[in-house]
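Everything quoted here is computed from the prediction, not taken from an experiment. Each chain gets a letter, A, B and so on, in the order its sequence line appears, and its residues count up from 1.
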Amino acid sequence: MGAYNSSFSKRANAHLLPVMQEKYLPAAIEQAAQAHWHATRAFNASEDISKPKYYCLSMFPYPSGKLHMGHVRNYTIGDVLTRSHKMRGYNVLQPMGWDAFGLPAENAAIQNNVPPAKWTDDNIAYMKQQLKSLGFALDWERELATCKPDYYKWNQWLFLRMLEKGIAYKKTQVVNWDPVDQTVLANEQVIEGRGWRTGALVEKREIPGYYLAITQYADELLTALDTLPGWPERVKTMQANWIGKSTGVRFAFPYELPAAGGTNLPSPLAGEGQGGEGSAGRGKLWVFTTRPDTIMGVTFCAVAAEHPLATHAAKNNPELAAFIEECKHGSVMEADMATMEKKGMPTGIFVEHPLTGAKVEVWVGNYVLMSYGDGAVMGVPAHDERDFAFAKKYGLPIKQVVALAGEAFSLEAWAEWYADKQRGVCVNSGKYDGLDYAAATEAIAADLAAKGLGEKKVQFRLRDWGVSRQRYWGCPIPLIHCESCGSVPVPDDQLPVVLPEDCVPDGAGNPLNKRADFLNCACPKCGKPAARETDTMDTFVDSSWYYARYCAANAMTAMVDARTDYWMPVDQYIGGIEHAILHLLYSRFWTKVMRDLGLVSYDEPFANLLTQGMVLNHIFSRRSDRGGIIYYAPEEVELVRDAAGHVTGATAKADGLPVDYGGVGTMSKSKRNGVDPQSLIEQYGADTARFFMMFASPPEQTLEWSDSGVEGAYRFLKRVWACGHALKSQAAAKEAGALRREIHLLLKQANYDLGKLQFNTVASACMKMLNALEKAPADPHAREAFSILLRVLSPIAPHITHALWIELGYGPDILAATWPEPLDAALVQDEEELVLQVNGKLRGALRVKVGADRTAIEAVALATEAAQKFMEGKPAKKVIVVPGRLVNIVV
RNA sequence: GCCGGGAUGGCGGAAUCGGUAGACGCAGCGGACUCAAAAUCCGCCGCCAGUGAUGGUGUGGGGGUUCGAGUCCCCCUCCCGGCACCA
């Protein structure tokens, strides 16, 4: 046990609790409860068909060093669900593991000269202790780490299956290239177009890499979203938009190039494609459009800088070559592509309009992506906003081909309706004049098809998943490169290809390239000396199936087994909204591949999804003399208040001078606004941390950190303890009051909110129950009320409730107690209060017998003093009675 | 830029089907206990006017539907997440 835990152990000598302590001592209580759970193997799950199963999973953490508050929040949400389902009789599985490959380990290696493997293992050991001290109901016997060979072996195995099925394949990819370090950079390593270490201008470079054909599953990934009612609508919308199914026409502009200097066009990229048809300079420029009705309005075409036509045109055009070079220095990120200035340059190449035969000039555009579609687009400036801006900028012709009744077209400024698909009809389009979108699409597609120059096509925005990473700390791609046999898969019986664990990356390329013992091997086909692939897999591969491995974590001879089909799908998955698209989409894809290989029988991995919001804290900063920004941690700052107590500013404790308040933002090292869960646990205990996290805001929203909010949570738990202490010694006697009905009403609300996963109001219901109990300590139903409070509170604050349950003699283990349900008998009442409104304004209240009919209620309402006063003698036009709620008199 | 989400007192948030806006907590203010402090307990607490009873007003801004809108519709502003090599 590390030093961080010593203060804990010293105080933890109260396992037996001979007499109930008057004071709430979280450290002792929590250690005792955790020891009990460990000794009884309370959370180790096994398959049991006599109970309904509940697989509760939180996204596993990257072992960055220590837990952050986002983890605490994420895992507390999962724990509340796990524990409440356990008490409701489910067979519950809640496992934990480590997303252990990734870039930060390499960065740490560069900084501290430690091998990523050691750094990662140390971090895991520390964070595991932290998770244990939070009292999560985790099955630690299923723990896994993706950097261990017994896990990533199956990444490799499945990759080879995908290769066999043609799902995995090789093609070129565009990467960020640091010319000084001679290495590939991640997007986050590119800062303002320069390498993070070298400051060198980053280039786009095309290198070979492996792809997974997720697009083969695009349709199913889209339509199957409808089978996921337990997913937030917004996540499904984001995924649907990401997949981006669009129907349109793929068509070609034929061309014939003069055989300039005897050079041929470069060979096509793949199959029937770009610029490829005809070696004597005849070819077709393919594009895709969702607006085939505007093809008659094409006045130019634009191709990507990497497009073969651009390459061809640049050969005798140094200016164009320079422009293409400039484009290659840009970012590879879509966000940058979208916001940068749209630039272009003519190639001097003309293609032929497929319908009119007119000459159309080809431009190179920096906004056209080679990796999307055919790497070329048609330009219809009159009906596409971006094309309009481009044409205006370069003086290209604009030809209106769609008109809307009553709307005038102007070349001066763009108007929304120019792009309206629904209402326009074709004009200036010859035989297509007068046709609407649908009819024009049909007619034009038919004409293009007749000429062999196009067809209707469904296209997806989704691109295949590039999984090659030119990095060390990842799962090796199981391939061997042989001079005579080419790329050869590593045979199954030689898996896993084990990553050497003693490398220390230095930032200049992948260290595997320097490791002879890794690199050198025999070709599995011909036996001659060959070289191993040194690229590793994207870490999203690791996280695409870990949830399935938990179910059969100790399976030695298979990736998954029958136990996986017992537990899967995950009944509740919980994680950050930032994973809404990539991780969740890749996992869904991976599941479908595993299903099609006969490995599993389910179609979707996650039945229900909860995307939790981030944890924010206040940001304080000051401009430094040199113009930089110095951040102050919240504990280094004193808030300045006015007489009314409103915060008006802040000063640094160090020098008393003002600092700037920057609002709230995600907790981060760089802004120095993180809060360490460890110190929180040491000061207040895990229950306080958990309770605050659940109470402060609903799970899907951001959570603002508040030290005084934590104090409040602690205060509440102290009161719960005191209430239990008082109840233990005290004999209830007095006549029953309203306590029972109140508690059961609150219970009803709490159960409803729990079902909605709205834990903040469950926590608040617990507080209301305590408030009620404290007002009626001698009520004969106080013990029953307290037992309800303890059980509702136990998933959130499991340690204190565990101790009090035993102390008050409710039973040996609160985990074995049944979840409380409100009793109808406790809820009945014979009168109820209704709100009285006159003209929709609140004017009073009235009491009526429960179940009274409308006319009776109306009569009572009209007779009230308040009604008489505000009706001012006017007759009631209308009386609206909402049973159980209100009466509104309209005059 | 595109896609998704959000905005309610001094603050975090509550309000289930369109039906009492501000539950619960934090901060603040007043009081009790104490030599004192901490801890604890009791009371007040949207804004404006009024000594008060009370009245008006109020859910980012503008418009609409409705007996009634925080909630539904249209337009706008600002903030946050994702954008394919951070995880």
Side-chain angles (χ1 to χ4, degrees), chain A residues 59 61-62 64 99 102-104 107 173 175-176 184-190 232-235 237-238 240-242 244 332-340 367 371 386 462-471 538-540 543 576-583 585-586 611 613-614 616 639 641-647 663-666 692 695-698 700-713 715-716 718-719 722 749 752-753 756 758 760-761 763-768 771 833-837 839-842 845 877-880 882 885-890:
Chain A
M59 290 180 185
Y62 179 80
S64 56
D99 188 13
L103 199 56
N107 293 343
Q173 50 179 173
V175 295
N176 301 305
V184 175
L185 300 178
N187 283 336
E188 70 158 15
Q189 294 174 319
V190 180
E233 223 35 66
R234 60 170 163 155
V235 173
T237 309
M238 278 193 255
N241 289 336
W242 185 260
V332 300
M333 288 168 72
E334 189 194 301
D336 295 332
M337 299 294 288
T339 48
M340 72 191 175
Y367 61 95
S371 49
R386 191 172 58 184
L462 182 69
R463 310 201 291 259
D464 279 344
W465 175 13
V467 293
S468 291
R469 297 289 180 272
Q470 296 68 38
R471 303 193 196 293
D538 180 5
T539 55
F540 275 123
S543 54
I577 182 68
E578 66 274 19
H579 294 291
I581 297 172
L582 294 182
H583 162 61
L585 192 65
Y586 292 150
T611 50
M614 296 187 305
L616 313 177
L639 294 178
R641 293 172 193 282
D642 65 12
H646 304 166
V647 176
V664 286
T666 51
F692 168 71
F695 177 67
S697 67
E700 304 232 84
Q701 282 180 35
T702 56
L703 182 151
E704 272 183 42
W705 189 257
S706 154
D707 287 324
S708 46
V710 174
E711 291 276 358
R715 205 145 44 216
F716 166 68
K718 278 194 286 192
R719 279 166 58 208
Q749 184 66 48
Y752 176 81
D753 290 344
K756 280 200 303 179
Q758 192 171 289
N760 55 327
T761 48
S764 117
C766 291
M767 289 175 143
K768 290 179 190 174
N771 288 347
E833 195 171 82
L834 300 184
V835 161
L836 175 69
Q837 293 182 342
N839 284 336
K841 287 199 177 189
L842 175 67
K877 256 192 229 163
K878 198 175 180 186
V879 180
I880 290 140
V882 183
R885 284 266 175 203
L886 60 70
V887 180
N888 186 16
I889 301 168
V890 187

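Note on A/Thr339: a base of the nucleic acid sits closer than 4.0 angstrom, heavy atoms only. The residue A/Gln758 sits close only to the backbone: its heavy atoms come under 4.0 Å of sugar-phosphate atoms, none of a base. Contact annotation for A/Asp753: no contact, since no heavy-atom pair falls under 4.0 Å across all strands.
Between the side chains of A/Glu711 and A/Ser708, no donor-acceptor pair of N or O atoms lies under 3.5 Å. Judged purely by distance below 3.5 Å, without hydrogens or angles, the side chains of A/Glu700 and A/Thr611 pair a donor atom with an acceptor atom.
Comparing the P positions of B/A15 and B/A36 gives an interatomic distance of 44 Å, to the nearest angstrom. When the C1' atom is used for both B/C45 and B/A27, the distance is 11 Å, rounded to whole Å. Of the P atoms belonging to B/G60 and B/U8, the separation is 6 Å, rounded to the nearest Å. For the P atoms, the distance from B/A39 to B/G1 is 50 Å, rounded to whole Å. Taking atom P on both B/G4 and B/G58, the two are 32 Å apart, rounded to the nearest angstrom. Nucleotides B/G22 and B/C47 place their C1' atoms 13 Å apart, quoted to the nearest Å.
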Where along nucleotides 16-22 of chain B does protein come under 4.0 Å, by heavy atom, of base (B) or sugar-phosphate alone (S), with - for untouched nucleotides?
-> B--BB--
Taking protein heavy atoms under 4.0 Å as touching, what does nucleotides 77-87 of chain B look like 5' to 3' if B marks base contact, S marks sugar-phosphate-only contact and - marks none?
-> ----SSBBBSB
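Base orientation for B/G9: syn, the chi torsion being within 90° of 0. Annotated as anti: B/C47, whose O4'-C1'-N torsion sits more than 90° from 0.
Atom CZ of A/Arg234 has more than 12 neighbouring heavy atoms from other residues, nucleotides or ligands inside a 6.0 Å radius.
Counting to the nearest Å, the P atom of B/G5 and the CG atom of A/Asn241 are 9 Å from each other. Atoms NZ (A/Lys718) and P (B/G25) sit 15 Å apart, rounded to a whole Å. Atom-to-atom, NZ of A/Lys841 to C1' of B/U57 comes out at 9 Å; the value is rounded to the nearest Å. Rounding to whole angstrom units, CD of residue A/Gln701 and P of B/U8 are separated by 10 Å. Between the CE atom of A/Met767 and the C1' atom of B/G12 there is a distance of 12 Å, given to the nearest Å. Atom CG of A/Leu585 and atom C1' of B/C3 are 14 Å apart (whole Å). Nucleotide B/U8 holds its C1' atom 14 Å from the CD atom of A/Glu704, rounded to whole Å. Regarding A/Trp705, its CH2 atom lies at a distance of 14 Å from the C1' atom of B/C26, rounded to whole Å.
The residue among A/Ser708 and A/Ala696 whose nearest nucleotide of RNA chain B lies closer to the 5′ end is A/Ala696. Between A/Glu233 and A/Pro698, the one whose closest nucleotide on RNA chain B sits nearer the 5' end is A/Glu233.
The side chain of A/Asn839 contributes no N or O atom lying less than 4.0 Å from OP1 or OP2 of B/G68. Within the 4.0 Å cut-off from OP1 or OP2 of B/A27, at least one side-chain nitrogen or oxygen of A/Arg715 is found.
Between the A/Gln189 side chain and the A/Ala186 main chain, a donor and an acceptor come within less than 3.5 Å of each other.
With sequence neighbours excluded, the residues satisfying side-chain hydrogen bond (donor to acceptor under 3.5 Å, both in side chains) with A/Arg469 are A/Asp538. Residues that satisfy the ring-ring contact (aromatic ring centres under 6.0 Å, His included) test with A/His583, not counting sequence neighbours, are A/Tyr573, A/His579. Residues that satisfy the side-chain hydrogen bond (donor to acceptor under 3.5 Å, both in side chains) test with A/Asp99, not counting sequence neighbours, are absent from this structure.
Out of B/G56, B/A14, B/A23, the shortest distance to the side chain of A/Lys768 is found at B/A23.
Helical stems of RNA chain B (runs of at least 3 Watson-Crick or G-U pairs, donor-acceptor distances under 3.5 Å) are listed by first residue: B:1-7 with B:77-83, B:10-12 with B:24-26, B:28-32 with B:40-44, B:46-49 with B:54-57, B:60-64 with B:72-76.
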